[in-house]
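Heads up, the thing below is written out as structure tokens.
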Amino acid sequence: MDVHSAALIWLIEIAIASFFGGVIGAISGLGGGIVIVPVLTILMHLPITDAIGASIVSVIAVSSGAGSVYVRDHITNVRIAMFLEVSTATGAIFGAAVLAPRLNHQVLMILFGLTLLFSLLPVLANIGEELPKDIKSGPWAKRMKMRGSYFDKRLGREITYQAARLRPAIGIMFVAGLMAGILGIGAGVLKVLAQEISMRLPAKVSTATSNFMIGVTAAAAAGVYLRRGLVLPFLVAPVAGAVLLGAMCGTKLMERMSNVLVRKVFAIALGFIGIEMLLRGFGFKF
Amino acid sequence: MTEPNPDIPAAQEPSPMAAHTPPADDNGEAPITNETVIQDVSAWILRIGSFGSVSILLLGLVLAMVQHPLDKKEMLKAHFSLSLSHVSQGLMHARGLDVMEIGIFLLVLTPVMRVAASVILFAFVDRDKVYTVVTLIVLLITLASLFLLR
């Protein structure tokens, strides 16, 4: 076949892979970046920097597409999202503009793998907890009015919640921003962990709130990548389109799933991907 | 309504001070409030922003491939231009690459618009000074990254 058809087929392969990346990303609340970068790097043999550029833009598409559903269902806590976002966006810009240019591909892959595996441990420890109970707000959380309620479709009733400890979450979110800026991921991993572990929010609230933040953080980081010319037009178009479609399908599924199942999918996806990236970073090829 | 799962610990009863989700009436549906309207507008912004801009992006892809068929190598070499005048000229000729760039631009602006909407929400509906400022800071940080930074 001629080179143009081959190029078209290549675009379609990218789209299919990105579609599944979007589905997993939406269900696990990660925003897609965590799945897309390894898919493009490992499966499609693209340089990780190109993958990161395409990913950070697609992450915006995913978070916006999926986010519309969360907003409609009144689960997102905008106060928590905006307060933490100050820290996260700052981290993202610092990571993308200052740190990322100084890191080579192997280091990026290793960082990627480590980020995922680190995040896996606390999530495994908490799997099975449907709703946090007896949560008392810390001083900062109280002052910043970090509480709310939502109607849980699966449980069929209104759930009220309060944020526990705010200050550690701010630090975690800065690191989440760094990760977003350096690795091109939504860093939904760390966002969800900061909110579920430190702030003790219900899983659905943290996932929905993270989705909002992921988009904003990714926009801040994407600004840097676009200016550095690391976003390839012919790559980002199929990736963003397919990921968005996948994320919409994944979100519809996720609405009806229990919180426990959400975290399990989250953990399993992280595990496989993390190990693979880590090994690749150290030079093992498959 | 489904029965609550007995294995799941019971959450607190919604308190009068609880945040912004309006209480459900007998039909299990929330009444329409200002809050609801603004959240629906937010959802609308997100839907149009994400699907609209991605559609433009994909349209640009199709245009680019039709106008100037490329092989994979050339595709990987193509880049977005950073010059506004160059892009507007390209748009007038429906140049695929520039249509794609507009798509990206709109996509990246979508979360920014949502933050801007939240500023308005906090300023005029909730009248929450603290969070108006907080959200404004986020807006400024993000805009700076997109338009100002090197």
*Can you name the closest pair of heavy atoms from A:A220 and B:T142 and give their distance?*
N-CG2, 3.9 Å
_Within-4.5 Å side-chain heavy-atom neighbours: A:V78 and B:Y131_ = no
_Part of A:L46 lying under 4.5 Å from any heavy atom of chain B_ = side chain
*If you tally heavy-atom pairs under 4.5 Å against chain B, which of A:L11, A:I56, A:L235 wins?*
A:L11
*Determine the minimum heavy-atom distance between A:A61 and B:V54, stating which atoms define it.*
CB-CG2, 4.1 Å
*Is there any residue in residues 81-91 of chain A with a non-hydrogen atom under 4.5 Å from a non-hydrogen atom of chain B, and which ones are they?*
A:M82, A:F83, A:E85, A:V86, A:A89, A:T90
*Give a yes or no on this: more than 12 heavy atoms of other residues, nucleotides or ligands lie within 6.0 Å of atom NE2 of B:H79.*
yes
*Give the member of A:G223, A:G215, A:P233 that has the highest number of heavy-atom pairs under 4.5 Å with chain B.*
A:P233
*asked:* Please rank A:V57, A:L244, A:L245 by heavy-atom pairs under 4.5 Å with chain B and give me the top one.
replied: A:L244
_Would you compute the distance between atom CD1 of B:I45 and atom OG of A:S64 and round it to the nearest 0.5 angstrom?_
10.5 Å
_Residue part contacting chain A, namely of B:I137, when any heavy atom lies under 4.5 Å_ = side chain
*chain A heavy atoms under 4.5 Å from B:V134: which part of the residue, side chain, backbone, both or neither?*
both
*For chain A, which residues from residues 100-110 of chain B have at least one heavy atom closer than 4.5 Å to it?*
B:M100, B:I104, B:L107, B:V108, B:T110
_Partner chain A: residue of B:L97, B:V138, B:V112 with the largest heavy-atom pair count (under 4.5 Å)_ = B:V138
*Grab the two heavy atoms, one from B:L146 and one from A:A219, that are nearest each other, plus how far apart they are.*
CD2-O, 3.7 Å
*Taking the side chain as every heavy atom from C-beta outward, state whether A:V216 and B:R114 have any pair of such atoms under 4.5 Å apart.*
no
